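Quick note on labels: first sequence line is chain A, next is B, and so on, each numbered from 1. Quick caveat: nothing in here was measured; it's all calculated off a predicted structure.
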Number of protein chains: 2
Amino acid sequence: MQRPTIKTIAQETGLSIATVSKALKHSPQVRPETRAIVIEAAERVGYELNMHGVQLRTGKTYQVAAIMTAPGPKQNEWEGVEYAQLLSGISWALEDSPYRVSLYAVRNFEESQAIIKQIVSLKKADGIIISGTRADDPRIRTMHAADFPFVTYGTSVHNAPHAYVDADNEQMIRVSMARLVERGHRRIALLNPLSDLSYGITRLEAYRHALEGAGLPFDPALVAHGRLTPAFGRENVLTMSDLSNPPTAYICANEASALGAFSGFHERGLVHGRDAVINATDDLNVSQYFAPPITTYYLPISEPSSLLGAYILRRMEGEPPEALQTLLMPKLIERCDDRLTQSR
Amino acid sequence: MQRPTIKTIAQETGLSIATVSKALKHSPQVRPETRAIVIEAAERVGYELNMHGVQLRTGKTYQVAAIMTAPGPKQNEWEGVEYAQLLSGISWALEDSPYRVSLYAVRNFEESQAIIKQIVSLKKADGIIISGTRADDPRIRTMHAADFPFVTYGTSVHNAPHAYVDADNEQMIRVSMARLVERGHRRIALLNPLSDLSYGITRLEAYRHALEGAGLPFDPALVAHGRLTPAFGRENVLTMSDLSNPPTAYICANEASALGAFSGFHERGLVHGRDAVINATDDLNVSQYFAPPITTYYLPISEPSSLLGAYILRRMEGEPPEALQTLLMPKLIERCDDRLTQSR
DNA sequence: ACAACGAAGTTAAACGTTTTTATCGTTCAT
DNA sequence: ATGAACGATAAAAACGTTTAACTTCGTTGT
């Protein structure tokens with residue numbers, strides 16, 4: 001038994017395939033009674049739209065390309081990015097639409113650039129979602145120039161506005177710094193992502209601005225940029241704690257680096273809360289299981305991810321990007337007082 | 001300027017589209033010289049195969065469905081599963097093929113069952129990759145009955161053989177237990193995944209078998225089943241350490257639960273290496289940053305994932321499943337002696 | 001009374017491929 | 001010399017859908 005097509009329904013009802021097609025997509029050209037007959041027949045024979053026919057005819061792919069930058073097999077250190085949750089959030093947002101998530105795993109920035117050019121020029125998808133945006137991101141320019149619908153996870157500083165979702169890094173650092181300063185910290189370290197990433201820049205600027213506001217000097221030795229692995233957190237604690245005037249607080253950009261920072265504490269014999277404290281931005285809600293639990297800014301990844309899905313749908317429907325820009329403020333979770341128990 | 005098709009090449013070369021099509025796919029029906037002309041023209045005009053035409057004509061989708069069970073937005077606790085790396089590994093394995101990974105995020109087992117039925121009956125993909133297999137898995141039966149190509153990440157005990165990749169849980173537990181017993185442990189706790197999961201059963205059986213071999217009694221109070229979150233690890237340490245005869249070693253099925261176990265140690269004032277030790281199975285290579293680092297069995301997720309990709313390709317080409325079954329033995333990484341420093 | 005119109009369908013073409021079948025020279029055995 | 005067999009290419013149909021263009025017929029306005 002073959003899979004039924006609109007032709008089957010046409011024979012079944014005595015109508016033409018054109019009418020059937022129109023009826024199924026609620027064209028005003030077909031009378032309600034006729035439509036009812038078609039719908040009934042469609043259900044009776046178990047009709048399901050064949051996307052391949054549609055795709056060929058219309059040129060639409062009904063695919064949303066999710067570009068995922070994951071380090072290659074040789075370099076698989078944990079970076080605490082719950083890409084999986086990000087992807088499933090997007091996938092769920094598209095659930096009731098005909099669109100599917102098509103995965104493009106790339107190893108680095110250059111590869112993502114190449115892939116995006118290919119998707120755009122060969123129209124392998126109707127929309128693109130990327131993350132890890134840079135301040136001036138050539139991929140965004142590519143997509144923009146081709147007038148291709150896209151949404152970014154992360155901001156950029158292009159003059160042309162585009163749809164994006166991101167955590168409110170500026171506010172997060174501002175609040176975080178104010179809170180630490182208020183608790184007596186004068187030497188605050190910033191463990192930041194790679195310096196070309198847009199959110200790294202945002203965080204750094206907010207950090208400097210906060211220092212300025214508090215009348216504290218900016219010390220480059222207290223700022224580090226790198227891939228946010230546990231190793232990164234550890235190394236930097238080892239280095240910075242050796243300074244003549246070591247930091248009393250570490251702001252980690254994710255919980256992988258925070259975990260590494262703890263490892264550094266352990267190595268140096270530092271006690272959290274006595275010698276220094278660690279604050280982090282937490283995607284996984286895992287810092288509550290650190291020993292001791294630390295203060296974090298927590299943004300359940302389901303929020304940005306479902307927004308990304310919703311926004312790409314709306315972009316593909318032609319909605320202007322200006323309306324599709326959101327900064328989400330992570331929730332402050334104070335698990336620790338973060339005042340040092342004895343001054344140094 | 002329109003995108004070139006085989007028709008463009010036909011006009012360009014004066015050949016028929018049939019010949020062009022055959023030439024491009026290396027049919028023996030076309031002379032080498034003719035083929036050369038076609039290839040040259042194709043490159044000159046920048047021809048790229050349009051998959052939609054192929055899909056409609058052949059009925060093949062060139063999609064591999066990856067079913068990813070991620071807990072819903074309300075329940076997003078870290079389970080230490082690097083799905084993202086799994087997905088990218090699969091994606092890279094398909095890189096040089098015409099196949100793409102199409103993502104299907106589901107919230108639970110029932111949903112995955114429904115999705116798979118749909119994919120199979122409506123032929124929305126040419127192959128399926130699933131994980132989280134159960135001992136007797138209805139999804140496997142569905143795919144098997146329809147003679148649909150699939151590979152599982154995880155074993156099952158069906159009579160009909162199927163393609164799978166998994167960690168060698170049996171051997172891992174056997175070696176792990178022998179090692180702990182040798183180091184003087186008599187009360188060993190097993191923190192296991194949900195009891196309906198196939199690998200949970202394998203681990204439990206191997207555990208009981210090892211106890212028997214060592215002449216130790218099986219105590220149900222030392223075995224727990226659950227979602228492998230930090231909370232799970234923590235709760236069980238809290239409970240088990242209160243036993244009149246508490247365990248001196250905890251075998252955790254992943255590093256999320258191991259992290260939680262540490263949190264439990266901290267809460268109870270237990271010291272790792274003095275009161276008890278934690279061993280784990282590690283996907284992320286993150287346990288080296290625990291304080292102190294613990295002994296783990298480490299399997300870089302890139303290995304199983306690239307195998308999954310390779311196997312689904314071969315299955316879709318009709319290779320029998322018997323040849324596509326692999327158990328991978330994780331590497332023992334001893335970061336800790338695991339002998340208690342003082343007997344109790 | 002008749003042109004004009006609108007509503008509701010139908011016809012037919014088109015999207016880009018693959019594949020079956022047909023065609024047309026050549027070669028080879030008889 | 002005849003025709004069977006073969007090799008290389010062309011013609012045509014098919015996959016399932018959408019949509020522009022057309023038909024039909026009843027209604028409306030003058």
Original post:
Contact class for A/I17 (heavy atom, under 4.0 Å): base, sugar-phosphate, or nothing?
Top reply: base

Original post:
At under 4.0 Å between heavy atoms, what does B/S21 touch on the DNA or RNA strands: base, sugar-phosphate, or nothing?
Top reply: base

Rounded to the Å, how far apart are [X] [atom1] and [N] [atom2]?
| X | N | atom1 | atom2 | answer |
| --- | --- | --- | --- | --- |
| B/L56 | C/dA14 | CG | P | 17 Å |
| B/Q55 | D/dT17 | CD | C1' | 14 Å |
| B/I6 | C/dT18 | CD1 | C1' | 8 Å |
| A/H52 | D/dA14 | NE2 | C1' | 15 Å |
| B/Q2 | C/dG16 | CD | C1' | 12 Å |
| B/K7 | C/dA13 | NZ | P | 13 Å |

**OP:** Give a yes or no on whether a donor-acceptor pair under 3.5 Å exists between the nucleobase atoms of D/dA8, that is its base, and the side chain of B/R31.
**Re:** no

Original post:
Please walk me through it: do B/T155 and B/L327 pass side-chain contact (heavy atoms from CB on, under 4.5 Å)?
Top reply: CA-CA 9 Å; B/T155 58; B/L327 289 182; 4.0 Å; yes

Original post:
Considering heavy-atom distances to DNA chain C, does B/V54 or B/K22 have its closest nucleotide positioned more toward the 5' end?
Top reply: B/V54

Original post:
Hey, what do you get for OG1 (A/T152) to CD1 (A/I140), rounding to the nearest 0.5 Å?
Top reply: 5.0 Å

Original post:
Relative to the 5' end of DNA chain D, which residue comes earlier, B/G53 or B/S16, by the nucleotide with the nearest heavy atom?
Top reply: B/S16

**OP:** Look at B/Y62 and C/dT17 and indicate whether a side-chain polar atom (N or O) is within less than 4.0 Å of OP1 or OP2.
**Re:** no

Original post:
Taking only N and O in the side chain of A/T19, is any of them less than 4.0 Å away from OP1 or OP2 of C/dT10?
Top reply: yes

Subject >> CA sep, side-chain torsions, deciding dist, call: B/I6, B/Y47, side-chain contact (heavy atoms from CB on, under 4.5 Å) >> reply: CA-CA 8 Å; B/I6 52 172; B/Y47 171 76; 3.4 Å; yes

**OP:** Go through the steps for A/E95 and B/R107 under the test salt bridge (Lys or Arg N to Asp or Glu O under 4.0 Å), then give the verdict.
**Re:** CA-CA 12 Å; A/E95 203 161 38; B/R107 290 161 186 86; 3.1 Å; yes

